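Here the structure is laid out as structure tokens; the discussion comes afterwards.
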Amino acid sequence: MSRIEDQANYYKNYHLRYRDTVAVIHVEDEDDKRFWLTELHNVKSGNYHFVTQSKSEDGFHSKGCEQCLKYRPYTNRQFFICIDSDLRLLRGEEGLTPENYIAQTYAYSWENHSCEAVHLEYKFREKMPDCDFSFVSFLRQLSEIVYRPLLYLVYHKTSELNRLWNITKFNRCIPNQLRREDLMENGKQYLLKVKQLFDAELSSLSLPDNFAIEGLTPENAYLHIQGHKLYDLIVNIGTMLCKGKRIAFKSEILDKGFPVSGYMEIDNVQSDLVKILH
């Protein structure tokens with residue numbers, strides 16, 4: 001028996017030792033727990049035991065998506081996996097389904113759900129009702145800008161093509177540092193700069209005619225930007241907007257709860273958890 005299978009058997013029997021445990025969930029890291037606990041409790045209340053790292057076959061403590069997916073053959077309703085989708089979803093990786101007891105974020109990562117435009121705007125207005133900046137407007141415009149670069153990113157997945165266009169180059173086109181004047185008219189100047197950077201980078205690249213990705217649209221593309229990249233950008237913008245207002249944007253607004261319904265990606269998360277838990 002492999003070390004992975006041995007650990008899986010322990011996790012699958014955990015609920016027999018601790019009767020109040022609904023299930024054991026292997027997540028990628030400690031930071032993922034808060035998001036998944038919110039989503040799980042919305043489907044089925046109770047105690048959940050999270051595994052944030054486990055031993056590799058070599059006996060070393062390991063974490064991350066690849067470590068989670070090593071348990072794929074051994075999952076069930078009492079022990080399953082919750083992972084970030086990263087670019088796997090857009091690139092059509094198969095088998096990451098609730099039937100295989102795998103739940104995923106359907107956005108790049110859980111951080112993207114913190115930045116969902118309508119939910120974020122609601123939390124922001126509760127604390128900053130008179131601010132003239134709209135996160136909905138800003139994120140919708142940003143989403144339209146990054147849509148085509150994301151198509152290129154998904155298409156350039158082989159090692160040869162990845163040298164031409166990759167996530168590092170993509171992220172460089174979305175600067176995290178802004179000036180106060182960049183936020184005027186819902187970030188008009190900043191968004192223009194981002195568009196110019198992408199246009200310059202993509203000018204020498206090409207896509208097949210009519211290349212498209214199921215589920216990816218100009219409206220939801222921002223949810224598929226690398227999670228911490230989007231999250232850090234929104235933290236910087238929100239902190240600047242709240243400066244001098246005695247409001248801690250990150251803790252009082254951005255990190256205050258996660259959505260559990262209202263848009264396709266989070267509805268898919270909930271649907272998968274229902275299939276797994278019921």
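Just so it is clear, the model here is predicted, and its values are computed rather than measured.
Counting only residues at least two apart or on different chains, the salt bridge (charged side-chain N to carboxylate O under 4.0 Å, His left out) pairs with a member in residues 125-134 are E121-R125, K127-E252. Residue pairs meeting the salt bridge (charged side-chain N to carboxylate O under 4.0 Å, His left out) criterion with at least one partner in residues 3-25, sequence neighbours excluded, are absent. Within the structure, ring pair (Phe, Tyr, Trp, His ring centres under 6.0 Å) pairs that include any residue of residues 111-131 comprise F35-H113, H113-Y263, F124-F135 (at least two apart or interchain). Residues in residues 62-79 take part in these salt bridge (charged side-chain N to carboxylate O under 4.0 Å, His left out) pairs, two or more places apart or across chains: D29-K63, E66-R88. For the side-chain hydrogen bond (donor to acceptor under 3.5 Å, both in side chains) condition, the pairs that include at least one residue of residues 269-278, sequence neighbours left out, are E39-Q270, N42-Q270, Y106-D272.
Qualifying side-chain hydrogen bond (donor to acceptor under 3.5 Å, both in side chains) partners for D84, counting only residues two or more places apart in sequence or in other chains: none. Scored by the side chain to side chain contact (heavy atoms under 4.5 Å, CB included) test, S54 finds Q7, Y11, H26, V51, Q67, Y71 as partners (sequence neighbours excluded). Contacts of P218 classified as side chain to side chain contact (heavy atoms under 4.5 Å, CB included), with partners at least two apart in sequence or in another chain: E144, Y147. Applying the salt bridge (charged side-chain N to carboxylate O under 4.0 Å, His left out) rule to R172 yields no partners; only residues at least two apart in sequence or on another chain are considered.
No more than 12 heavy atoms of other residues, nucleotides or ligands lie within 6.0 Å of CD in E94, so this atom counts as exposed by the packing criterion. Around CE of M184, the count of heavy atoms belonging to other residues, nucleotides or ligands within 6.0 Å does not exceed 12.
Between the side chain of N112 and the backbone N or O of Q226, no donor-acceptor pair lies under 3.5 Å. Side chain of N100 to main chain of I102: no donor-acceptor pair is present (N/O by atom type, distance under 3.5 Å, no hydrogens or angles). A side-chain donor-acceptor contact under 3.5 Å links K169 to the backbone of L164. Side-chain atoms of K256 never come within 3.5 Å of backbone atoms of K123 as a donor-acceptor pair (strictly under, hydrogens ignored).
L16 forms part of no hydrophobic cluster, judged by ILVMFWY side-chain heavy-atom separations under 4.5 Å.
Within the model, atoms CG of L40 and CZ of F50 stand 5.5 Å from one another, a figure rounded to the nearest 0.5 Å. Between C173 atom SG and K193 atom NZ the span is 11.0 Å, to the nearest 0.5 Å. Atom CD1 in I4 sits 11.5 Å away from atom CG in N9 (nearest 0.5 Å). With values rounded to the nearest 0.5 angstrom, L254 atom CG is found 10.0 Å from E111 atom CD. Atoms CG and CD1, on L241 and I234 in that order, are 9.5 Å from each other to the nearest 0.5 Å.
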Enumerate donor-acceptor pairs with a distance under 3.5 Å from any side-chain N or O in residues 198-214 to protein atoms, sequence neighbours excluded.
unit_1, atom_1, unit_2, atom_2, d
D199, OD2, K195, NZ, 2.9
S203, OG, A200, O, 2.9

Can you give each donor-acceptor pair under 3.5 Å made by side-chain atoms of residues 153-162, sequence neighbours left out, with the distance rounded to 0.1 Å?
unit_1, atom_1, unit_2, atom_2, d
H156, ND1, Y152, O, 2.7
T158, OG1, L161, N, 3.3
N162, ND2, H156, O, 3.4

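Looking at E181 and R179, a side-chain N of the basic residue comes within less than 4.0 Å of a carboxylate O on the acidic one, giving a salt bridge.
Side-chain polar atoms of Q141 and N186 form no donor-acceptor pair below 3.5 angstrom.
Between F133 and F138, the gap from one ring centroid to the other is short of 6.0 Å.
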